[in-house]
A.B. asks: 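Dumping the structure here so I can ask a few things about it.
In what follows, every chain begins at residue 1, and chains take the letters A, B, ... in the order their sequences are listed. Model, not experiment: these values are computed from the prediction. Note that these values count all heavy atoms, side chains included, but never hydrogens, waters or copies made by symmetry.
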Amino acid sequence: MTVHNSEIADAFDKLADLLEIEGANPFRVRAYRNAALTVRGHPHSMAELVAQGADLTELPGIGEELAEKIRTLVNTGELPALKKAEARIPGALSLMLKIPGLGPKRVKALHEQLKVRSLQDLARAARRGLIRTLPGFGTRTEARILEQIERQAQVERRSKRIVAEEIARPLVDYLQAIKGVKQVTVAGSYRRRKETVGDLDILVTAGRGTPVMARFIDYDEVVEVVSQGETRATVRLHSGMQVDLRLVPQVSYGAALHYFTGAKAHNIAVRRIAVAQGLKLNEYGLFEDGKRIAGRSEHEIYRRLGMAYIEPELRENHGEIEAAQHNRLPQLVEVKDIRGDLHSHTKASDGHDELRTMAHAAIAHGYDYLAISDHSRHVTVAHGLDAERLAQQIDAIDRLNDELGRPLLLKACEVDILEDGSLDLPDDILARLDLRVCAVHYQFNLSRRKQTERILRAMDNPHFNILAHPTGRLINQRAPYEVDLERLMRAAVANGCFMEVNANPDRLDLTDDACRMAKELGMKVAISTDAHSTAGLDYLRFGVDQARRGWLEANDVLNTRSRSRLLRLLRR
DNA sequence: GCCGTTTTCGGCCCGACTGTTTTCAGTCG
């Protein structure tokens with residue numbers, strides 16, 4: 001039984017919660033939280049590092065004691081310190097910290113004075129009107145607690161970024177239209193281009209006296225004003241999305257942008273660097289002896305702290321700060337580097353447009369090539385092609401390329417990987433293609449070992465080129481199937497195969513972390529849209545964002561190559 | 001509990017807003 005990084009991180013976080021409620025040294029609490037962050041964000045599993053005998057104290061924020069606790073967790077699945085804490089106070093108290101408005105001090109008071117041990121106890125106490133009797137609590141707090149418990153049922157969920165964009169764009173336009181408003185920028189995880197967005201953080205600069213806050217809470221979609229001050233307000237929109245707005249002066253724009261873009265761990269790390277240099281960094285600027293020495297732009301702040309500018313996509317405190325200090329940041333891939341798309345569908349299977357329509361869309365995108373990769377026969381719901389129909393499509397593509405006067409369309413197929421690891425079409429027809437995009441569409445529930453073996457076996461087929469949507473996950477909808485990605489990547493490198501970063505905003509598969517792993521293992525990826533219509537080709541940018549978050553450069557991406565170099569790379 | 005071009009001891013990121021107060025602690029991002 002392997003203990004996953006997330007379980008180790010969860011144990012540390014819970015221990016931090018309980019210690020905090022007990023009133024332990026806040027810096028000790030923070031040490032556990034930092035450790036949780038480090039472990040959760042680490043590209044390699046702690047279990048593996050322990051097995052290799054690696055020195056865990058090399059990891060940031062991990063010292064001798066925490067290293068020992070990680071080893072214990074890996075070896076026994078348990079954390080004795082957490083057990084002991086739970087013997088002193090109920091573990092369920094940590095759940096109460098998730099209720100907005102309740103922090104460690106109040107949870108401690110509720111536990112000690114009202115004997116609250118669970119969320120049920122808490123709801124009961126609130127209904128009886130006991131909470132308002134405690135010092136520091138009032139009727140507003142009591143009502144809010146009850147409301148929050150009842151709302152807990154609807155799980156908090158992060159929105160896919162494409163959904164967040166649909167919510168953010170009209171709001172940004174609305175704010176931008178206010179007379180006196182200068183800049184409106186959506187910061188936060190939205191700006192870091194994360195695949196999902198929890199809430200929107202909007203930064204506004206405006207001339208003196210501009211009624212930004214009043215107009216903000218007056219926005220048509222606002223259903224609740226959570227808080228409102230002179231420079232900061234929080235609202236909830238009809239869509240359920242929470243929006244924070246911060247009004248900042250122009251001289252502080254860069255500092256505020258940096259502060260509000262995060263991630264939190266990145267911010268803390270950068271502030272510590274400032275402190276080490278005798279400076280202070282906050283959302284208003286970088287200060288030396290109370291005098292602002294930078295703040296107008298992010299570039300200025302990074303430069304003054306002795307590091308290169310860090311792209312928002314990299315700001316997770318996953319090594320980007322050290323890289324920036326040593327000028328070793330990657331030159332991230334951009335949309336304009338992409339020369340073509342390697343995964344698309346037509347009406348021949350489950351696409352919505354004709355071959356010719358797709359070709360013209362590819363030309364409009366300025367592409368050198370577009371792979372037409374309709375499904376193979378096994379995907380019956382998608383009207384997948386058998387050998388005969390694929391042969392017809394190959395001929396149709398040849399004719400169209402002739403007509404266009406250049407080999408724009410690549411002959412391809414999204415070939416199903418069957419349960420035994422064989423490919424869904426005979427070798428002789430596969431051999432006539434320029435490119436085979438191979439994918440799992442059935443039997444998601446195999447064990448990790450079996451699923452891995454299945455795909456490894458498929459890679460043994462010399463016609464296998466690119467593994468499409470490698471984990472099969474659908475964001476917020478379907479979990480990835482169990483598979484050993486690292487092993488697959490190593491096999492791909494050994495066999496001259498590749499994986500896809502599926503750019504569909506519902507998939508974004510590989511993930512950012514997996515992209516990073518691919519880079520470390522030397523496996524190039526294809527950023528492909530899996531377009532089922534001409535409009536689908538526009539989703540490329542989501543895939544590029546994901547790749548950028550995974551530190552990928554143009555050289556790490558297959559389809560930044562010219563057609564001839566691409567075809568040479570695909571040769572096994 | 002971690003960590004070190006201030007330190008092996010004594011620091012540890014920083015400010016806004018709310019509710020309950022009557023000057024501020026607690027919470028949040």
Side-chain angles (χ1 to χ4, degrees), chain A residues 12 15-17 19-21 23-39 56-70 79 81 96-110 131-145 148 187-189 198-203 213 217 225-235 242-248 252 255-256 258-287 295 305-306 317 321 325:
Chain A
F12 286 161
L15 180 52
D17 285 347
L19 290 174
E20 199 171 22
I21 293 167
N25 177 349
F27 299 106
R28 186 171 161 231
V29 171
R30 187 184 296 172
Y32 280 110
R33 294 208 199 285
N34 286 339
L37 270 175
T38 295
V39 170
L56 298 176
T57 64
E58 301 269 303
L59 301 174
I62 308 290
E64 281 302 332
E65 277 199 50
L66 280 165
E68 182 55 34
K69 287 186 164 69
I70 291 172
L79 182 59
M96 287 183 209
L97 293 178
K98 303 234 182 316
I99 296 173
L102 285 190
K105 301 282 166 53
R106 287 181 167 166
V107 169
K108 183 183 166 92
L110 289 164
I131 290 176
R132 69 183 73 173
T133 65
L134 298 184
F137 291 78
T139 52
R140 301 278 305 264
T141 306
E142 185 176 80
R144 193 165 163 76
I145 288 172
Q148 292 295 342
S189 56
D199 58 9
L200 294 175
D201 300 300
I202 301 186
L203 202 62
M213 288 305 170
I217 62 170
V225 178
V226 179
S227 77
Q228 185 198 354
E230 281 180 25
T231 64
R232 178 179 199 153
T234 302
V235 302
Q242 184 164 303
V243 186
D244 288 352
L245 184 143
R246 267 302 268 271
L247 186 59
V248 297
S252 301
H258 180 260
Y259 167 80
F260 241 160
T261 297
K264 190 173 176 170
H266 173 92
N267 284 354
I268 291 174
V270 172
R271 282 198 207 124
R272 289 174 70 137
I273 287 170
V275 169
Q277 297 180 14
L279 308 173
K280 186 176 76 165
L281 178 63
N282 59 28
E283 59 263 56
Y284 298 107
L286 183 63
F287 296 87
L305 289 172
N317 197 24
I321 291 172
Q325 287 174 319

A.B. asks: What distance, rounded to whole Å, do you find between the two C1' atoms, one in B:dA25 and one in B:dT20?
C.D. replies: 10 Å
A.B. asks: Using whole Å, report how far CD of A:Glu230 lies from P of B:dA16.
C.D. replies: 11 Å
A.B. asks: Provide the distance between the two C1' atoms, one in B:dC12 and one in B:dT6, to the nearest whole Å.
C.D. replies: 14 Å
A.B. asks: Could you go through nucleotides 4-9 of chain B and list every protein N or O atom that sits under 3.5 Å from one of its N or O atoms, giving the distance for each pair?
C.D. replies:
none

A.B. asks: Using a heavy-atom cut-off of under 4.0 Å over every strand shown, decide if A:Thr57 touches base, sugar-phosphate, or nothing.
C.D. replies: nothing
A.B. asks: Expressed as a whole number of Å, how far does the C1' atom of B:dT21 sit from that of B:dT27?
C.D. replies: 16 Å
A.B. asks: The criterion is side-chain contact (heavy atoms from CB on, under 4.5 Å); which residues satisfy it with A:Ser252, sequence neighbours excluded?
C.D. replies: A:Pro249, A:Tyr284, A:Arg292
A.B. asks: Could you pull out the closest heavy-atom pair between A:Ala269 and A:Asn317, with the gap in Å?
C.D. replies: CB-OD1, 3.8 Å
A.B. asks: How many angstroms lie between CD1 in A:Ile273 and CD1 in A:Ile321, if you round to the nearest 0.5 Å?
C.D. replies: 5.0 Å
A.B. asks: Do A:Met96 and A:Ile21 have side-chain heavy atoms sitting under 4.5 Å apart?
C.D. replies: no
A.B. asks: Could you measure between the two C1' atoms, the one in B:dT7 and the one in B:dC2, and give it in whole Å?
C.D. replies: 14 Å
A.B. asks: How many whole angstroms separate atom OH of A:Tyr259 from atom P of B:dC28?
C.D. replies: 14 Å
A.B. asks: Does B:dT8 pair with anything, Watson-Crick or G-U wobble, both distances under 3.5 Å, and if so, with which nucleotide?
C.D. replies: none
A.B. asks: Just how far, in rounded Å, is P of B:dG29 from CG of A:Leu247?
C.D. replies: 20 Å
A.B. asks: Can you tell which of B:dT18, B:dC14, B:dG29 lies closest to the side chain of A:Lys280?
C.D. replies: B:dC14
A.B. asks: Would you say A:Tyr32 and A:Leu66 make side-chain contact, with heavy atoms under 4.5 Å?
C.D. replies: yes
A.B. asks: Using a heavy-atom cut-off of under 4.0 Å over every strand shown, decide if A:Lys108 touches base, sugar-phosphate, or nothing.
C.D. replies: nothing
A.B. asks: Using a cut-off of less than 4.0 Å, is there contact between a side-chain N or O of A:Thr234 and OP1 or OP2 of B:dT18?
C.D. replies: no
A.B. asks: A:Gln148 versus A:Leu102: any side-chain heavy-atom pair under 4.5 Å?
C.D. replies: no
A.B. asks: Closest approach to the side chain of A:Leu66, judged atom by atom: which nucleotide of B:dG29, B:dC2, B:dC14 is it?
C.D. replies: B:dC2
A.B. asks: For residues 132-140 of chain A, please give each side-chain donor-acceptor pair under 3.5 Å, one per line with the distance, not counting sequence neighbours.
C.D. replies:
| unit_1 | atom_1 | unit_2 | atom_2 | d |
| --- | --- | --- | --- | --- |
| A:Arg132 | NE | A:Glu142 | OE1 | 2.9 |
| A:Arg132 | NH2 | A:Glu142 | OE1 | 2.8 |
| A:Thr133 | OG1 | A:Leu130 | O | 2.4 |

A.B. asks: OP1 or OP2 of B:dA16 versus the side-chain N and O atoms of A:Arg232: is any pair under 4.0 Å?
C.D. replies: no
A.B. asks: Could you check whether A:Asn25 gets within reach of a base, just the sugar-phosphate, or nothing at all, counting any heavy atom under 4.0 Å?
C.D. replies: base
A.B. asks: Report the residue (A:Phe137 or A:Phe260) whose heavy-atom-nearest nucleotide on DNA chain B is the more 5′ of the two.
C.D. replies: A:Phe137
A.B. asks: Toward the 5' end of DNA chain B, which comes first, A:Leu281 or A:Arg144, by nearest nucleotide?
C.D. replies: A:Leu281
A.B. asks: Using whole Å, what does the distance between atom C1' of nucleotide B:dC17 and atom CG of A:Asp244 come to?
C.D. replies: 11 Å
A.B. asks: Could you list the residues that satisfy side chain to side chain donor-acceptor pair (under 3.5 Å) with A:Arg33, not counting sequence neighbours?
C.D. replies: A:Asp17, A:Glu20
A.B. asks: Hey, is the side chain of A:Thr141 poking within less than 4.0 Å of OP1 or OP2 on B:dT20, counting only N and O atoms?
C.D. replies: yes
A.B. asks: Does A:Lys264 reach a base, just sugar-phosphate, or nothing at all? Heavy atoms under 4.0 Å.
C.D. replies: base
A.B. asks: Within the structure provided, determine whether A:Arg246 and A:Asp201 are in side-chain contact (heavy-atom separation under 4.5 Å).
C.D. replies: no
A.B. asks: Taking CZ from A:Arg246 and C1' from B:dG15, how many angstroms apart are they, rounded to a whole number?
C.D. replies: 7 Å
A.B. asks: Tell me, please, which residues at least two apart from A:Glu65 pass side-chain contact (heavy atoms from CB on, under 4.5 Å).
C.D. replies: A:Lys69
A.B. asks: From CZ of A:Phe287 over to C1' of B:dG15, roughly how many Å is that when rounded to an integer?
C.D. replies: 11 Å
A.B. asks: Heavy-atom distance under 4.5 Å between the side chains of A:Phe12 and A:Asn34, does that happen here?
C.D. replies: no
A.B. asks: Distance check, C1' atoms only: B:dT23 and B:dG19, in whole angstrom units.
C.D. replies: 13 Å
A.B. asks: Among B:dG15, B:dG1, B:dG29, which nucleotide sits nearest the side chain of A:Arg28?
C.D. replies: B:dG1
A.B. asks: Expressed in whole Å, how much space separates the C1' atoms belonging to B:dG1 and B:dT5?
C.D. replies: 24 Å
A.B. asks: Mind calculating the distance between CD (A:Glu20) and C1' (B:dC28) to the nearest angstrom?
C.D. replies: 12 Å
A.B. asks: For the pair made of CZ in A:Arg140 and C1' in B:dT18, what is the distance, rounded to whole Å?
C.D. replies: 9 Å
A.B. asks: Which pairs, protein N/O on one side and nucleotides 23-26 of chain B N/O on the other, fall under 3.5 Å?
C.D. replies:
none

